[in-house]
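This report concerns only the one structure given below.
These numbers were taken from a predicted model, which means no experiment stands behind them. Below, read A as the first sequence line, B as the second, and so on, with proteins coming before strands; counting in each chain starts at 1.
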Protein chains: 2
Amino acid sequence: MEKQHNLSKNQKIIFDLIDKSPEPLKAYSILFNVQKKGINAPLQVYRALDKLVEIGKIHKIESRNAFIACQNSSCQISKATAFSICESCEKVSEINNLKLSKYLSNFEDDSGMRYNKYNLEFFGLCKKCKSK
Amino acid sequence: MEKQHNLSKNQKIIFDLIDKSPEPLKAYSILFNVQKKGINAPLQVYRALDKLVEIGKIHKIESRNAFIACQNSSCQISKATAFSICESCEKVSEINNLKLSKYLSNFEDDSGMRYNKYNLEFFGLCKKCKSK
DNA sequence: CTTACAAATGTTATATTATTACATAATGTT
DNA sequence: AACATTATGTAATAATATAACATTTGTAAG
Ligand SMILES: [Zn+2]
Ligand SMILES: [Zn+2]
Ligand SMILES: [Zn+2]
Ligand SMILES: [Zn+2]
């Protein structure tokens, strides 16, 4: 059972913005958009983002320095994330593929490392951009 | 057959530095280290880094904003990269696992996207840090 | 050799992303 | 109430990355 996190005021404002957005949002674009709600400083945004990432409500797209709402209810606390990124239109989607996540969560090699988390980003052309 | 790239002066200086380093290097740490060789500006570093990434001699560790020399001669032009990252000591290694790369290179889902590139980062504790 | 083109360099300024430090307030627990 | 934990507010600054423009070097054709 997932622990229920009650978002604080700033966390809720920022999560709602990201959740409604059709595309990943960057921190300073978020800042600009929430200034009318009384969030004035970068740090207020980054603190909320950190917390939201920590509890798995959003993910950071590392190659883009941008944030997207989790679209995968079974994504346990951001420990196993995979995304598809269109290099033409920059559309990003979270991949929800049980076989893939099982394969990667169980991945082991001879390095002696225990992996407890991964992040995977696929790049290519989305359906739309392919047909142009 | 791989195309042979003759590195330019700056590219060579910066590649040699990264190649000798036991850990991923950040752009401004590189800049600091090559100033005695006449490279004075961030842009000179970033341009060399961009080129080295493009031709597959180095990779960017996205979650760390740092660069590491390719340790995998069969890594075709940075189109299929996987790394292990220790969250304690920050040791980073390139994973060279044929099964993994085949699995990911052939990955398809129902999104209609054609993937031509991926980057995977595993996180955990390395052997050393596990036993502490 | 010289013309032409592509790639790389040098330099200055600036944009973008993220954190440190410190003070205060709200929330949850005993 | 007392205490700990989490969140907020604010200012300053650090770290990462790119834009714009002028110049030079490398390469290949004619
Ligand atoms: Zn998710
Ligand atoms: Zn697209
Ligand atoms: Zn490689
Ligand atoms: Zn370690």
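- For residues 35-52 of chain A, proximity to DNA chain D is found at A/Asn40, A/Ala41, A/Leu43, A/Gln44, A/Arg47, A/Lys51, defined as any non-hydrogen atom under 4.0 angstrom from a strand atom.
- OP1 or OP2 of D/dT8 sits under 4.0 Å from a side-chain N or O of A/Ser8.
- Minimum heavy-atom separation, B/Leu125 to B/Ser88: CD2-CB, 3.7 Å.
- Side-chain N/O atoms of B/Lys60 include none lying less than 4.0 angstrom from OP1 or OP2 on D/dT16.
- Regarding contacts with the backbone of C/dA8, every side-chain N or O of B/Lys12 stays at 4.0 angstrom or more from both OP1 and OP2.
- Aromatic pair B/Phe122/B/Phe83: centroids not less than 6.0 angstrom apart.
- Nearest heavy atom pair, residue A/Gln44 against residue A/Asn10, reads NE2-ND2, 4.0 Å.
- A straight line from CD of A/Glu54 to P of D/dA7 spans 8 Å, rounded to a whole angstrom.
- Between the CD atom of B/Glu62 and the C1' atom of D/dA17 there is a distance of 13 Å, rounded to whole Å.
- Not less than 6.0 angstrom separates the ring centroid of A/Tyr115 from the ring centroid of B/Phe123.
- Among all heavy-atom pairs drawn from B/Ile68 and B/Gln71, the shortest one is CD1-NE2, 3.5 Å.
- If you take CG of A/Leu31 and C1' of D/dG9, they are 13 Å apart, rounded to a whole angstrom.
- In this structure, the CD1 atom of B/Ile14 is 12 Å from the C1' atom of C/dA8, given to the nearest Å.
- Comparing C/dA18, D/dG9, C/dT9 against the side chain of A/Lys9 picks out D/dG9 as the nearest.
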Evaluate the salt bridge (Lys or Arg N to Asp or Glu O under 4.0 Å) criterion for residues B/Glu108 and B/Arg114: first the C-alpha distance (whole Å), next the side-chain angles of each, then the deciding distance (0.1 Å), finally the verdict. CA-CA 8 Å; B/Glu108 280 185 30; B/Arg114 170 186 316 288; over 6 Å; no
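- In this entry the distance linking CD of B/Gln11 with P of D/dG26 reads 12 Å, nearest Å.
- Whole-Å rounding puts the B/Leu25 CG to D/dT16 C1' distance at 15 Å.
- Distances shown here put every side-chain N or O of A/Asn65 at or beyond 4.0 Å from the OP1 or OP2 atom of D/dT16.
- Dashed line: the shortest gap from a side-chain N or O of A/Asn10 to OP1 or OP2 of D/dG9 is under 4.0 Å.
- Residues A/Ser63 and B/Glu62 bring no donor and acceptor atom of their side chains to less than 3.5 Å of each other.
- Here D/dT8 presents its P atom at 10 Å from CG of A/Leu7, a figure rounded to the nearest Å.
- For B/Tyr28 against D/dA14, a side-chain-to-base donor-acceptor contact under 3.5 Å is absent.
- Rounded to an integer number of Å, the gap from CZ of B/Arg64 to P of C/dA18 is 13 Å.
- At D/dT16, one or more side-chain N or O atoms of B/Lys26 fall inside 4.0 Å of OP1 or OP2 (strictly under the cut-off).
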